Student: 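The following block contains the structure, expressed as structure tokens.
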Protein chains: 2
Amino acid sequence: MGVMERVSTRAKKAVELRPELPLDRILKGDCIETMRGLPDKSVDMIFADPPYNLQLGGDLFRPDGSQVDAVDDEWDKFDTFAIYDKFTKAWLKEARRILKDDGTIWVIGSYHNIFRVGTAIQDEGYWILNDIIWRKANPMPNFKGTRFTNAHETLIWASKSEKARYTFNYRAMKTLNDELQMRSDWVMPICGGQERLKRNGTKAHPTQKPEALLYRILLACTKPGDVVLDPFFGTGTTGAVAKRLNRHWIGIEREDNYIEVAEERIAMALPLDESAVVTMQSPRGAPKVPFGTLIENGLLKPGAILTDAKRRWQARVRVDGSLETGSDNGSIHKLGATLQKAPSCNGWTFWHYEDEGGLRPIDTLRQNYLLATQP
Amino acid sequence: MGVMERVSTRAKKAVELRPELPLDRILKGDCIETMRGLPDKSVDMIFADPPYNLQLGGDLFRPDGSQVDAVDDEWDKFDTFAIYDKFTKAWLKEARRILKDDGTIWVIGSYHNIFRVGTAIQDEGYWILNDIIWRKANPMPNFKGTRFTNAHETLIWASKSEKARYTFNYRAMKTLNDELQMRSDWVMPICGGQERLKRNGTKAHPTQKPEALLYRILLACTKPGDVVLDPFFGTGTTGAVAKRLNRHWIGIEREDNYIEVAEERIAMALPLDESAVVTMQSPRGAPKVPFGTLIENGLLKPGAILTDAKRRWQARVRVDGSLETGSDNGSIHKLGATLQKAPSCNGWTFWHYEDEGGLRPIDTLRQNYLLATQP
DNA sequence: TTTATGAATGAATCAACCG
DNA sequence: TCGGTTGATTCATTCATAA
């Protein structure tokens, strides 16, 4: 049996059951090494909170992900950046292999590392969709008064390629933001109070992320049942929120300390019941109703007159669901576009019919039809 | 007559202070080549608005059918990241040579280029002091509903080295911000209205920056009499603001079009009075809290039941902040309106939650959130 | 003269499906 | 893979025109 045959057999199983995927578990080990054990194209989203490479001494990593014990003062910062870059490219490469073709990745960082991460993301072939600013409602002040208060962190959201058809729950985000498009700057408090995990009276992890942040990310870019991988799991914010929102999760973490705290935390998180996890849906996902169906079902009669909202144009409905004016004819969309001299037109909202003393868009008829026929 | 020849003629007049520096003038020519003609360690600050390398696709239309006027100028086109990187490193290297040891550089960009710029800044030996987020008060929406509204741009502020003693007017910034430390996120409107320069009825430059942005930067990081270099001068926002604040400026620009507009503009620039400054810089409007924020932050759980004050209707909260009854769903405002058969409804006062033996409007929760997060 | 309404526009990597 | 069809999609602000 050849290699290719093995691969394709394995791929088939993964699609149906995901047999090799250790769902809802923390894998103990080095980030890159552990990722190597996960199958190709198997997860829907990756959230990564990698080391920030704060240049305060410490936190240096070799390309294999292991930590450098001591910072040699002789090293100049170019060497340091090169090592960080190698590490970054290595884990981003593995992440891209594991990610499904239509999956997306999120990475969070600060000005110390985010530019290098962003460059590596582009160089590895990802396609950046947005950069998102987490604007901290209550940041730590700059005590010395030597700079601007560092009051935000940056996240990068990217797909595997330019043509990928990634998940973005547009309608849910718009609803979450009081019927305005969700912007690229998010105001959220830092993680503190009850939410901040403690051990022996001190914070369990130095950079615990707020659940509100993961909540918005998972709601925006995954569907219930999707698999989310977090290769720098820490105290498991990703896992806790994923569980609450009925998403599967996989965490990778090296330190026993954090694993213990995370497991306890996630065990206590309660999944929401199914009706609460439902979100507002875009019409995109709804079943299509051809205009002709309305005529077949008698909601509109051939010969009926339609107009635009301002009654500038009118057209007559023909038996096959096309429209005609004196000189033009075509589908509801095409004729609307032609008359307005626009490149395109949504005929459902452009054309109106007369009903009890008022004009209504023909989309109303479509909604009525859907209500009457959908289970 | 070449650029340098013109420069040296002018320079004789300023022999004593800065012998070879062509102050308060636009130098026509290529950015890197022209910078080579400027002396070492001679300017106090550099502000740079380089090409973003946007990589746009086809035409984009608004929902109303009108076409978006895209940035399609030749100066923004680069074939590969490698070529863009090479260009970026080259001009940053020259900039660093020209900059005084205690000078600083500002560079603005978007997610298309800012990660590459940031990486190059670090690789060339600069020391990043802050990244600053320009949160646009009125960004262009995402018309197709495919991503988050791209509502910000990023600036990087860096010194020549870690040990540099750069200028930062801490008090001025704190005063400008109502006695609170100036943060790393700045809310400012995009450049439009009277300020937006026109030529033959259309915008003179596709990417003119608001004067408020340069005002804050120059006020924060230079002293009166300092020299500010802008190697991508465009229509001269940097020059106009520098003149108003009594700073010297040097502009480099390749295109005659822009030079003409800039020269006319700067000739007309007058000092701002204090009240105009305050108006321009002060934050506008009270902070908004979308309903979804309460859910993200755990003040209300998905699945919770809300009712109106008289318990005539009830609805269940979903993960995205929408509400559902048995038959309807929508935002707090929309669903309230639907149930009452009213044209509109203030969901904040209409919907209530049960709390210790009484109903309270959900607006109470919003107040609590504001109290907890506002400074 | 003042107010109401409508049109225009901004650094944008902006669709999905079927044959 | 390509091309044609269907039909989904916008916020804040300014300026011109109408009332």
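These numbers come from the heavy atoms of this one structure, side chains and all, not from hydrogens, waters or symmetry mates. As the structure is a prediction and not an experimental result, all values here were calculated from the model. Residue numbers begin at 1 in each chain, while the letters A, B, ... track the order of the sequences.
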Student: Could you work out which one of dC11(D), dA12(C), dA11(C) sits closest to the side chain of L180(A)?
Tutor: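 The nucleotide sitting nearest to the side chain is dC11(D).
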Student: Which whole number of Å gives the distance between the P atom of dC14(C) and that of dG7(D)?
Tutor: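 Rounded to whole Å, the distance is 23 Å.
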Student: Does K203(B) place a side-chain N or O at less than 4.0 Å from the phosphate oxygens OP1/OP2 of dG10(C)?
Tutor: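 So the side-chain polar atoms of K203(B) do come within 4.0 Å of the phosphate oxygens OP1 or OP2 of dG10(C), strictly under.
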Student: Within the structure shown, what part of the strands sits under 4.0 Å from D76(B) by heavy-atom distance: base, sugar-phosphate, or nothing?
Tutor: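 Counting heavy atoms under 4.0 Å across all strands, the contact made by D76(B) includes a base.
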Student: If you look at every strand shown and take non-hydrogen atoms under 4.0 Å, does G192(B) touch a base, only sugar-phosphate, or nothing?
Tutor: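 Counting heavy atoms under 4.0 Å across all strands, no contact is made by G192(B).
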Student: Measuring only the C1' atom in each nucleotide, how far is dA15(C) from dA11(C)? A whole number of Å is fine.
Tutor: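 That atom pair is separated by 22 Å.
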Student: Can you identify which nucleotide, out of dA11(C), dA12(D), dT10(D), has its nearest atom closest to the F143(B) side chain?
Tutor: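 For the F143(B) side chain, the nearest candidate turns out to be dT10(D).
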Student: Got a donor-acceptor pair under 3.5 Å from the side chain of R62(B) to the base of dG10(C)?
Tutor: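 Side chain to base: pair present.
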Student: Roughly, in whole Å, what's the span from CG in L323(A) to P in dG7(D)?
Tutor: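 Rounding to the nearest Å, CG of L323(A) and P of dG7(D) are 13 Å apart.
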Student: Please determine whether side chain to side chain contact (heavy atoms under 4.5 Å, CB included) holds for the pair Y126(A) and S159(A), giving the CA-CA distance in whole Å, both sets of side-chain angles, and the decisive distance to 0.1 Å.
Tutor: CA-CA 6 Å; Y126(A) 291 95; S159(A) 61; over 6 Å; no
Student: Rounding to the closest angstrom, what is the interatomic distance between dT13(C) and dT6(D) at atom P?
Tutor: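 dT13(C) and dT6(D) have their P atoms separated by 29 Å.
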Student: Nearest to the side chain of R284(A), heavy atoms from C-beta on, is which of dG7(D), dT9(D), dT13(C)?
Tutor: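 Within the option list, the nearest is dT9(D).
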Student: Taking OP1 and OP2 of dA11(C), is either one under 4.0 Å from a side-chain nitrogen or oxygen of R196(B)?
Tutor: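 Answer yes for this pair, as a side-chain N or O of R196(B) is under 4.0 Å from OP1 or OP2.
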Student: Dot-bracket for DNA chain C, please, read 5' to 3', with Watson-Crick or G-U wobble pairs under 3.5 Å on both distances, ( ) within the strand, [ ] crossing, | other strand, . unpaired.
Tutor: .|||||||||....|||||
Student: Taking ring pair (Phe, Tyr, Trp, His ring centres under 6.0 Å) as the definition, give me every residue that meets it alongside W351(A), ordered by chain and number, with sequence neighbours left out.
Tutor: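 Ring pair (Phe, Tyr, Trp, His ring centres under 6.0 Å) list for W351(A), sorted by chain: empty.
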Student: Can you check whether N297(A) reaches Y369(A) side chain to side chain, under 4.5 Å on heavy atoms?
Tutor: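 In contact.
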Student: Examine dT9(D): is either OP1 or OP2 under 4.0 Å from a nitrogen or oxygen in the side chain of K174(A)? Give yes or no.
Tutor: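 Looking at the OP1 and OP2 atoms of dT9(D), neither is under 4.0 Å from any side-chain N or O of K174(A).
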Student: Report which part of the nucleic acid S282(A) touches: base, sugar-phosphate, or nothing (heavy-atom distance under 4.0 Å, all strands).
Tutor: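 It contacts sugar-phosphate atoms only.
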Student: Answer with base, sugar-phosphate or nothing: what part of the nucleic acid does E153(B) contact at a heavy-atom distance below 4.0 Å?
Tutor: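 Since a base atom lies under 4.0 Å of E153(B), the category is base.
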Student: For P210(B), answer base if it contacts any base atom (sugar-phosphate contacts may also be present), sugar-phosphate if it contacts only those atoms, and nothing otherwise; contact means non-hydrogen atoms under 4.0 Å.
Tutor: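 Nothing, no heavy atom under 4.0 Å.
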Student: As a test of reading the structure: which of dC17(C), dC15(D), dA11(C) is closest to the side chain of R165(A), going by heavy atoms?
Tutor: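 Shortest atom-to-atom distance from the side chain points to dC17(C).
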Student: Which part of the nucleic acid does D49(B) contact within heavy-atom distance under 4.0 Å: base, sugar-phosphate only, or nothing?
Tutor: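 D49(B): base contact, heavy atoms under 4.0 Å.
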Student: Strictly below 4.0 Å: does H333(A) bring a side-chain N or O up to OP1 or OP2 of dG7(D)?
Tutor: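 Yes, because at least one side-chain N or O of H333(A) sits under 4.0 Å from OP1 or OP2 of dG7(D).
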Student: Would you say dA8(D) has OP1 or OP2 under 4.0 Å from some side-chain N or O of N346(A)?
Tutor: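 Yes, N346(A) has a side-chain N/O under 4.0 Å of OP1/OP2 on dA8(D).
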Student: Kindly give the heavy-atom pair with the smallest separation between D101(A) and A164(A), and that separation in Å.
Tutor: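 The answer is O-CB, 3.5 Å.
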Student: Show, in sequence, the C-alpha distance, side-chain angles and deciding distance for W186(B) and I133(B), and conclude whether the side chain to side chain contact (heavy atoms under 4.5 Å, CB included) test is met.
Tutor: CA-CA 6 Å; W186(B) 302 353; I133(B) 302 305; over 6 Å; no
Student: Where the side chain of K144(B) is concerned, which of dC14(C), dT13(C), dA11(C) is the nearest nucleotide?
Tutor: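 Of the candidates, dC14(C) comes closest.
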Student: Give S110(B) one of three labels, base, sugar-phosphate or nothing, depending on what nucleic acid heavy atoms sit under 4.0 Å from its own.
Tutor: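 Nothing, no nucleic acid heavy atom in range.
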Student: Is S331(A) near enough to dT6(D) that one of its side-chain N or O atoms lies under 4.0 angstrom from OP1 or OP2?
Tutor: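 So the side chain of S331(A) is within the cut-off, an N or O lying under 4.0 Å from OP1 or OP2 of dT6(D).
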Student: Any donor-acceptor pair, under 3.5 Å, between the side chain of K209(B) and the base of dA11(C), if you only look at N and O atoms?
Tutor: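 Answer is yes: a donor-acceptor pair is held.
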Student: I want to verify a distance call: between dT5(D), dC11(D), dC14(C), whose nearest atom is closest to the M140(B) side chain?
Tutor: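 The answer is dC14(C).
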Student: Go through dC17(C), dT9(C), dA11(C) for me and flag the one nearest to the K288(A) side chain.
Tutor: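 So the nucleotide nearest the side chain must be dC17(C).
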Student: Is the ring centre of W127(A) under 5.5 Å from the base ring centre of dT13(C), and are the two planes under 30° apart, so that they stack?
Tutor: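 Whether judged by distance or by angle, W127(A) passes, so it stacks on the base of dT13(C).
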Student: Would you say N150(B) places a side-chain N or O within less than 4.0 Å of OP1 or OP2 belonging to dT13(C)?
Tutor: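 It does, given that an N or O in the side chain of N150(B) lies less than 4.0 Å from OP1 or OP2 of dT13(C).
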Student: Taking only the side-chain heavy atoms of T146(B) (C-beta and beyond), determine which of dT13(D), dA15(C), dT13(C) contains the nearest atom.
Tutor: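 Within the option list, the nearest is dA15(C).
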Student: What's the closest nucleotide to the I190(B) side chain, out of dA12(C), dG10(C), dC14(C)?
Tutor: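 Nucleotide nearest to I190(B)'s side chain: dG10(C).
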Student: Roughly how many Å apart are dA7(C) and dT10(D), using the C1' atom of each and rounding to a whole number?
Tutor: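 That atom pair is separated by 14 Å.
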Student: Using OP1 and OP2 only, check whether a side-chain N or O of Y170(A) sits under 4.0 Å from dT10(D).
Tutor: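 Result: yes.
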Student: Remember a base hit wins even if backbone is also touched, and classify R183(A) as base, sugar-phosphate or nothing at under 4.0 Å, heavy atoms.
Tutor: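 Touches nothing.
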Student: In terms of side-chain heavy atoms of Y111(B), which of dA12(C), dT10(D), dA7(C) is nearest?
Tutor: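 Nearest to the side chain of Y111(B) among the choices is dA12(C).
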